[in-house]
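Working notes, structure below.
In what follows, every heavy atom counts, from backbone to side chain, and hydrogens, waters and symmetry copies are set aside.
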Amino acid sequence: MKKILLLATAVALCTFTASAQLTIPDGLNKKASVSEQIGITDVTIHYSRPGMKGREGKIWGGLIHEGFKDLRFGTSRAAPWRAGANENTTIEISDDVKIEGKPLAAGKYALFVAYSPNESTVIFSKNSTSWGSFFYDEKEDVLRVKVKPQPLEKSVEWLKYEFINQTPNAATVALQWEELMIPFTIETDYIANQLASIRRELRTRNAFDPDAWADAARFAAVNSTDLPEALHWAEQATSGMFGEKTFTTLSSKAIILNKMNRTAEADAVMKEAMPMATMQELHNYGRQLLNQKRTKEALEVFKMNYDKNPNEFTTMMGMARGYSGTGDFKKALEFAQKAQPKAPDTLNKDNVARLIKLLQEGKDINS
């Protein structure tokens with residue numbers, strides 16, 4: 001009986017040992033991820049970070065093989081580099097984008113690199129779940145782009161990905177290790193993506209908020225796109241079932257009408273809106289008219305604001321800008337000098353001093 005119990009215990013221990021999996025970090029490769037929003041498109045890269053570990057000068061063309069190679073394991077006989085370590089390096093993109101000018105649909109992809117010192121190939125594969133590139137199959141490629149490796153000024157011990165050279169609708173993804181960088185650009189159609197997002201959001205609870213419709217209209221106006229639809233949004237903000245006439249909603253409609261060259265209608269809407277405006281809103285509208293070179297109308301708005309809010313720094317500076325815009329530098333100088341002691345901080349005081357100097361020289365401070 002004792003022998004049977006000992007045997008059973010031994011079998012149980014063997015079974016436990018065989019199935020147990022301990023979570024022990026791999027000290028040679030660190031798991032990492034990096035994310036960035038390009039426009040409103042989310043881009044996330046998951047990867048493992050190998051270190052140089054004293055292998056300086058032996059990484060590129062050594063540890064990282066050139067081109068495609070038989071790794072003598074798995075199914076691939078011509079494998080690129082896995083662009084990291086361990087499992088597939090993956091990149092996930094929430095919207096359709098362009099990589100180095102070539103289209104790539106939204107989705108999750110494995111990221112591979114066929115390294116060459118003069119021109120490397122970055123590969124996006126629809127198989128994002130394999131281990132490294134041992135099972136790479138070129139038939140699963142979705143996109144290949146050619147890029148030029150670039151030297152780094154400072155050596156990078158642990159491989160990393162960074163987003164650099166950001167613009168409102170683009171960024172460069174930089175794979176960096178040792179003294180080399182392999183970059184590729186991602187470009188989004190920010191305006192189209194944002195409009196699509198706006199259309200979706202205006203079918204949610206935001207549809208009951210007039211300011212949401214006004215914000216949508218303003219976005220289209222600022223970007224000079226889809227103006228007829230934007231006018232519909234502006235009308236929903238002011239007179240739809242849940243619309244409300246406020247300075248924000250009415251001025252949004254006026255901006256659209258101006259963009260559509262319906263200036264008289266826009267002016268009529270703004271005439272209705274101005275009594276509802278705050279001091280800052282009126283000041284901003286006056287500045288907008290100055291930018292449109294409608295200097296007489298701008299001065300009238302600044303005068304209205306000053307009458308409603310006399311002896312305020314903002315309104316006195318509005319008067320200075322208004323008179324300067326019409327060429328009356330003497331009057332403009334008087335208001336600028338009155339405004340200077342009321343400047344809220346050093347930065348504003350210094351700016352007013354600069355504008356006073358321009359007016360004393362007979363120069364328009366709105367240029």
Candidate pair Lys330 and Glu334, rule salt bridge (Lys or Arg N to Asp or Glu O under 4.0 Å), full reasoning: CA-CA 6 Å; Lys330 183 178 179 181; Glu334 289 177 14; 5.4 Å; no

Check against salt bridge (Lys or Arg N to Asp or Glu O under 4.0 Å), Glu312 and Lys342: CA-CA 8 Å; Glu312 294 284 346; Lys342 289 183 174 289; over 6 Å; no

Verdict with reasoning, Tyr47 to Asn88, per side-chain hydrogen bond (donor to acceptor under 3.5 Å, both in side chains): CA-CA 7 Å; Tyr47 63 106; Asn88 277 356; over 6 Å; no

Verdict with reasoning, Arg321 to Asp364, per salt bridge (Lys or Arg N to Asp or Glu O under 4.0 Å): CA-CA 8 Å; Arg321 289 192 177 279; Asp364 182 13; over 6 Å; no

Stepwise salt bridge (Lys or Arg N to Asp or Glu O under 4.0 Å) check, Lys53 with Glu157: CA-CA 8 Å; Lys53 297 293 182 179; Glu157 171 67 28; 5.8 Å; no

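Taking the charged nitrogens against the carboxylate oxygens, Glu87 and Lys31 do have a contact shorter than 4.0 Å, which makes a salt bridge.
Among all heavy-atom pairs drawn from Ala339 and Met317, the shortest one is CB-SD, 3.6 Å. When all heavy atoms are compared, the tightest approach of Ser76 to Ser133 is CB-O, 3.8 Å. Here the shortest heavy-atom pairing between Ala254 and Ala266 reads O-CB, 3.5 Å.
In this structure, Phe135 is not a member of the same hydrophobic cluster as Ile123, with clusters built from ILVMFWY side-chain heavy atoms closer than 4.5 Å. Clustering ILVMFWY residues whenever any of their side-chain heavy atoms sit less than 4.5 angstrom apart, transitively, puts Phe68 in a cluster other than the one holding Ile64. Residues Ile93 and Val122 fall within the same hydrophobic cluster, defined by Ile, Leu, Val, Met, Phe, Trp and Tyr side chains chained together at heavy-atom separations under 4.5 Å. Under the 4.5 Å side-chain heavy-atom criterion for grouping Ile, Leu, Val, Met, Phe, Trp and Tyr, Met279 is not connected to Tyr306 through any hydrophobic cluster.
For the pair Lys338 and Phe335, the cation-pi test (distance below 6.0 Å, angle within 45°) is passed.
A donor-acceptor contact shorter than 3.5 Å links the side chain of Asp137 to the backbone of Lys139. A donor-acceptor pair under 3.5 Å is formed between the side chain of Glu100 and the backbone N or O of Thr185. Side chain of Thr238 to main chain of Ala234: a donor-acceptor pair is present (N/O by atom type, distance under 3.5 Å, no hydrogens or angles). Put simply, the side chain of Trp233 never gets that close to the backbone of Ala214: no donor and acceptor are under 3.5 Å apart. Counting only distance, with no hydrogens or angles, the side chain of Thr249 and the backbone of Glu244 share a donor-acceptor pair below 3.5 Å. Not one N or O on the side chain of Arg205 forms a donor-acceptor pair closer than 3.5 Å with the backbone of Glu201. No donor-acceptor pair closer than 3.5 Å links the side chain of Ser197 to the backbone N or O of Asn193. Using a distance-only test at 3.5 Å, with no hydrogens or angles considered, a donor-acceptor pair links the side chain of Asp189 to the main chain of Ala192.
For residues 56-74, no residue pair satisfies the side-chain hydrogen bond (donor to acceptor under 3.5 Å, both in side chains) rule, not counting sequence neighbours.
Separating the OG atom in Ser35 from the NE2 atom in His46 is a distance of 6.5 Å, to the nearest 0.5 Å. Considering CZ of Arg82 and CZ of Phe112, their distance stands at 9.5 Å, rounded to 0.5 Å. Here the straight-line distance linking atom CG of Leu111 with atom CH2 of Trp81 works out to 9.0 Å at 0.5 Å rounding. Remark: Tyr190 OH to Asn169 CG distance equals 10.0 Å, nearest 0.5 Å.
Counted by atom type alone, Arg354 and Asn351 present one or more donor-acceptor pairs between their side chains at under 3.5 Å. Judged by distance alone, the side chains of Lys259 and Ser224 do bring a donor and an acceptor atom under 3.5 Å apart. Looking at Gln166 and Glu36, their side chains do bring a donor and an acceptor atom within 3.5 Å of each other.
Partners of Phe313 according to the ring pair (Phe, Tyr, Trp, His ring centres under 6.0 Å) rule, which considers only residues two or more places apart in sequence or in another chain, do not exist here.
A heavy-atom distance below 4.5 Å is found between the side chains of Ser324 and Phe329. Within the 4.5 Å cutoff, the side chain of Val97 has heavy atoms near those of the Ile99 side chain. Annotation: side chain of Arg199 is in contact with side chain of Leu195 (closest heavy-atom distance under 4.5 Å). For the pair Arg218/Ile255, a side-chain contact is recorded, criterion being any heavy-atom separation below 4.5 Å from C-beta on. No side-chain heavy atom of Thr75 sits less than 4.5 Å from a side-chain heavy atom of Phe134. When side chains are defined from C-beta on, Met52 counts as touching Ser155, because their heavy atoms get closer than 4.5 Å. A heavy-atom distance below 4.5 Å is found between the side chains of Val156 and Lys160. No side-chain heavy atom of Ser125 sits less than 4.5 Å from a side-chain heavy atom of Tyr109.
More than 12 heavy atoms of other residues, nucleotides or ligands sit less than 6.0 Å from atom NZ of Lys308. No more than 12 heavy atoms of other residues, nucleotides or ligands lie within 6.0 Å of CZ in Phe73, so this atom counts as exposed by the packing criterion.
Through side-chain heavy atoms spaced under 4.5 Å, either directly or across other Ile, Leu, Val, Met, Phe, Trp or Tyr residues, Met274 is tied to Leu227, Leu231, Phe247, Leu250, Ile256, Leu257, Met260, Val269, Met270, Met276, Leu282, Tyr285, Leu289, Val301, Met304.
You'll find the ring centres of Phe302 and Tyr323 outside the 6.0 Å limit. For Phe124 and Phe184, the gap between ring centers is short of 6.0 Å.
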